[in-house]
Amino acid sequence: MTLRGQFALATLCAFVLAAIAHLAAVLAIPYLAEKDAFSRLRSTLSADRSEIIAAPGDLGTWLPYPDPDVALSTCAYTLEEGPVRVSARTGALFQSVSLHARAGGVFFAITDRAAVRGALDLVLMTRRQLDEALATEDPDEPSRDVRIVAPSREGLVVIRVLAAFPSQREEASEVAKSVSCTIDRE
Amino acid sequence: MFAARLPRAFALRGPPIEGLPVRKASAAASALLVVYTFVIAGALGLSSAHWMTNGEYPFGRVGVGAWTVWPRSGSREADPYTRAVNARTGAIPLGVGEGLLLRASVDDGGRALDARCAYRVGPATPQARFWTLTLYDVAGRPVDTPLGRSGFSSAELLRDQNGGFSITVSREAATGNWLMMPESGPVTLIFRLYDSPASVGSAALDFRTVPRVERLECAP
């Protein structure tokens with residue numbers, strides 16, 4: 001093969017390898033990123049209460065494009081030690097709870113319209129934990145929990161509370177801070 | 001030893017045939033070609049991945065008037081590029097069923113939003129329990145102006161008799177709903193619908209129901 005032919009072949013190989021490297025990099029970024037929301041909040045994994053990430057009107061948050069009318073708080077969770085129970089009280093303000101898998105995306109979202117008597121309760125579990133819960137459950141007294149199977153073991157619970165007026169900002173922050181995320185041991 | 005094997009593996013040459021002269025120079029040339037291949041592949045692959053995950057979500061966008069929507073960004077079906085963008089920026093997207101985000105960095109005429117210009121936003125919005133409209137600077141922070149306001153919520157607005165509204169975004173004070181522009185730079189408007197039927201099926205969005213972004217006049 002002439003040198004020119006070798007060069008053309010090498011260039012062709014380079015493009016194919018470049019495409020593979022591109023895809024591998026895009027797929028790997030969520031697992032390698034250090035500035036993603038989960039990595040930033042990893043230190044809060046052991047906390048029992050949600051922590052405010054962006055208070056309404058707070059311009060100093062690391063969250064990109066924060067909504068200044070929304071109090072956003074999170075609980076980082078891991079399902080290693082058991083299912084995680086998320087309990088939120090709802091009030092007069094708009095409130096939503098969404099579940100984000102680490103490196104995955106949103107897999108569940110619910111608003112305060114679904115609250116029963118002012119409470120939103122969710123139990124997050126792996127498929128195996130759900131099977132165990134179903135197997136040990138008393139068939140005459142089925143659980144009333146809203147059980148959600150998480151696609152991965154780690155992730156974030158995100159709570160948004162809307163302060164439509166500046167005077168509601170403090171209340172919105174209080175509501176956002178008061179969500180409990182505890183390991184469910186029965 | 002490894003280097004001696006490389007040329008045969010990569011230069012696609014068969015074993016040397018007895019009696020034929022072996023070109024010594026091609027070993028070095030082949031090694032160079034291998035290095036060239038990997039350098040180009042790495043540079044192209046990684047820089048293109050960096051470039052595509054550096055700003056807005058590259059795929060799945062829907063344009064409505066001046067606004068851009070990524071209907072699947074808050075669902076399980078979010079594509080790997082969307083996930084990579086979120087991982088790099090630390091963004092926490094709105095879930096489907098929670099709300100919908102519409103973003104405008106251009107006006108209705110397709111011209112980039114500029115702090116030197118005045119804009120009128122309104123009068124209609126898609127159905128939602130609440131919505132907020134926020135003005136951001138180029139770094140993704142809500143604008144910090146002497147007025148201390150970077151946006152409006154649906155509850156705060158002055159409306160006309162028909163329920164419509166008009167927000168003036170300008171550097172100079174205006175009557176009615178006025179949002180002060182920062183001193184300079186490109187700006188972005190983000191319109192968030194909370195608890196809206198449009199977040200489940202963006203088919204509910206059409207250009208008549210989203211707010212118009214009309215450019216009024218520009219300072220020289």
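Proteins get letters first, then strands, A, B, ... in listed order; numbering begins at 1 in each.
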Within residues 88-96 of chain B, which residues come under 4.5 Å of chain A, heavy atom to heavy atom? B/Arg88, B/Thr89, B/Gly90, B/Ala91, B/Ile92, B/Pro93, B/Leu94, B/Gly95, B/Val96
Engaged part of B/Arg149 at the chain A interface, taking heavy atoms whose separation is under 4.5 Å: neither
Part of B/Thr134 within contact of chain A (heavy atom distance under 4.5 Å): side chain
Quick one: what part of B/Tyr81 sits under 4.5 Å from any heavy atom of chain A, side chain, backbone, both or neither? both
I'd like to know if the side chain of A/Asp145 and the backbone of A/Arg147 have a donor-acceptor N/O pair within less than 3.5 Å. no
Row check, B/Phe59 ring normal vs B/Arg72 NZ/CZ: under 6.0 Å, within 45°: no
Mind checking what makes salt bridge (Lys or Arg N to Asp or Glu O under 4.0 Å) contact with A/Arg160, not counting sequence neighbours? B/Glu98
Expected output: side-chain A/Ser39 to main-chain A/Lys35 donor-acceptor under 3.5 Å: no
Heavy-atom pairs under 4.5 Å with chain A, option from B/Arg129, B/Glu156, B/Arg141 with the top count: B/Arg129
Ring centres under 6.0 Å, that's the criterion: do B/Trp131 and B/Tyr194 meet it? no
Can you tell me which portion of B/Ile190 sits under 4.5 Å from chain A's heavy atoms? Options are side chain, backbone, both or neither. side chain
Identify the residues of residues 111-136 of chain A whose heavy atoms come closer than 4.5 Å to a heavy atom of chain B, ordered by number, or report 'none'. A/Thr111, A/Asp112, A/Arg113
For A/Asp48, the side chain to side chain donor-acceptor pair (under 3.5 Å) test, sequence neighbours excluded, returns none
B/Tyr136 vs A/Pro66 side-chain heavy atoms within contact, under 4.5 Å: yes
